[in-house]
Engineer: 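Encoded as structure tokens, here's the structure I'll be asking about.
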Amino acid sequence: MDTVRTFLAHAVVLENDAAERYDELADAMETHNNPEVCELFRRMAGYSRLHLQEATEHAEKHAGGLPDLKPWEFQWPGEESPESGELDQSHYLMTVHHALKLALAAETGARDFYGQVARSTRNDEVRALAEEFTAEEAEHAELIEEWLKRYPAPEEGWDEDPDPPAPAD
């Protein structure tokens, strides 16, 4: 990734995906009356929106705007942006511990993506931005790891529900 515009296009999509996924998880937790986890995901969505705003403003001021990349033109390490989260790992009875584990996976995925860009680019400006973004994502991961110390893994059977939701037809 050797242009600032392309790098920032990736950052904008990555942070937008993260905010949307955190909102989806928060909505699911709200639906299932899990307010503590809902609030955590709302907070994480807010952080992602702040980064989205920073990347967008940087692109507008310094890079001449964002390129219009097609979905197949993005250079993700997998099929989706690394901070989009894994909804299949969520559960309607998940605890704060589980929510933090999902958030940690997303934040470390973003950190690793930006770090790889910093190591592989030939553009010094892209490298500097990628290193800055890597450091920010690393701070978020460290913060989540601190939160995890306050919310240990729950006991066996945490997901047992004597009256589970009925499957949709």
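In this chain, numbering begins with 1 at the start of the sequence shown.
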Engineer: List the atom of C38, the atom of A26, and the distance in Å for their closest heavy-atom pair.
Structural biologist: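 Taking C38 first and A26 second, the nearest heavy atoms are SG-O, 3.4 Å.
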Engineer: Taking all non-hydrogen atoms of both residues, which atom of M44 and which atom of I144 are closest, and how far apart?
Structural biologist: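 Smallest heavy-atom distance, with atoms named: CE-CD1, 3.7 Å.
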Engineer: Between E30 and R42 (salt bridge meaning N to carboxylate O under 4.0 Å), is one present in this structure?
Structural biologist: yes
Engineer: Looking at every non-hydrogen atom in both residues, tell me the closest pair between V126 and N123 and how far apart they are.
Structural biologist: N-OD1, 3.1 Å
Engineer: From H51 NE2 over to E137 CD, what is the distance, rounded to the nearest 0.5 angstrom?
Structural biologist: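 So the NE2 of H51 and the CD of E137 are separated by 6.0 Å.
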Engineer: Ring-plane angle category for Y114 and F133, please: parallel below 30°, perpendicular beyond 60°, tilted otherwise.
Structural biologist: perpendicular
Engineer: Could you check if a side-chain atom of E15 sits within less than 4.5 angstrom of a side-chain atom of E54, using non-hydrogen atoms only?
Structural biologist: no
Engineer: Do L40 and Y22 have side chains that approach each other closer than 4.5 Å (heavy atoms only, starting at C-beta)?
Structural biologist: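 No. Closest side-chain heavy atoms not under 4.5 Å.
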Engineer: Does S81 use its side chain to pair, donor to acceptor, with the backbone of D17 at less than 3.5 Å?
Structural biologist: no
Engineer: Can you name the closest pair of heavy atoms from L8 and H58 and give their distance?
Structural biologist: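 Where L8 meets H58 most closely, the heavy atoms are CD1-CD2, 3.4 Å.
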Engineer: If I take atom CG from residue D112 and atom CD from residue E107, how far apart are they, to the nearest 0.5 angstrom?
Structural biologist: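 Answer for the CG-CD pair, D112 versus E107, is 11.5 Å.
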Engineer: Decide, yes or no, whether a salt bridge links E146 with K149 under the criterion of side-chain N to carboxylate O below 4.0 Å.
Structural biologist: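 Salt bridge: yes.
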Engineer: Taking C-beta and beyond as the side chain, do P77 and F113 meet within less than 4.5 Å on heavy atoms?
Structural biologist: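 They are in contact (side-chain heavy atoms under 4.5 Å apart), so the answer is yes.
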Engineer: Going by heavy atoms in the side chains, are W147 and L104 under 4.5 Å from each other?
Structural biologist: no
Engineer: Between the side chains of Q75 and H10, is a donor N or O closer than 3.5 angstrom to an acceptor N or O?
Structural biologist: no
Engineer: Please tell me whether E20 and N16 have a donor and an acceptor in their side chains that are separated by less than 3.5 angstrom.
Structural biologist: yes
Engineer: Do you know the tightest heavy-atom contact between M1 and V117?
Structural biologist: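 Result for this residue pair: CE-CG2, 4.1 Å.
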Engineer: Contact between T3 and F7 at the side-chain level, heavy atoms closer than 4.5 Å - yes or no?
Structural biologist: no
Engineer: Flag the pair D68 and K70 as a salt bridge only when some basic side-chain nitrogen lies within less than 4.0 angstrom of an acidic carboxylate oxygen.
Structural biologist: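 Yes, D68 and K70 are salt-bridged.
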Engineer: Closer than 4.0 angstrom, basic N to acidic O: yes or no for D2 and R127?
Structural biologist: no
Engineer: Check E131 against A118 and note the closest heavy-atom contact, atom names and distance.
Structural biologist: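 Residues E131 and A118, closest heavy atoms: CG-CB, 3.7 Å.
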Engineer: Got a second to check how far L66's CG is from T56's OG1, nearest 0.5 Å?
Structural biologist: 6.0 Å
Engineer: Given side chains that start at C-beta, do those of R150 and H97 come closer than 4.5 Å, heavy atoms only?
Structural biologist: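 No, too far: nothing below the 4.5 Å cut-off.
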Engineer: Out of curiosity, T108 OG1 to E142 CD, how far, rounded to the nearest 0.5 Å?
Structural biologist: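 With rounding to 0.5 Å, OG1 (T108) is 12.0 Å from CD (E142).
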Engineer: Using 0.5 Å steps for rounding, measure from the OG1 atom of T134 to the CD atom of E139.
Structural biologist: 11.5 Å
Engineer: Are F41 and D23 close enough that some pair of their side-chain heavy atoms sits under 4.5 Å apart?
Structural biologist: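 When only atoms from C-beta onward are counted, D23 and F41 do not touch, as no gap falls below 4.5 Å.
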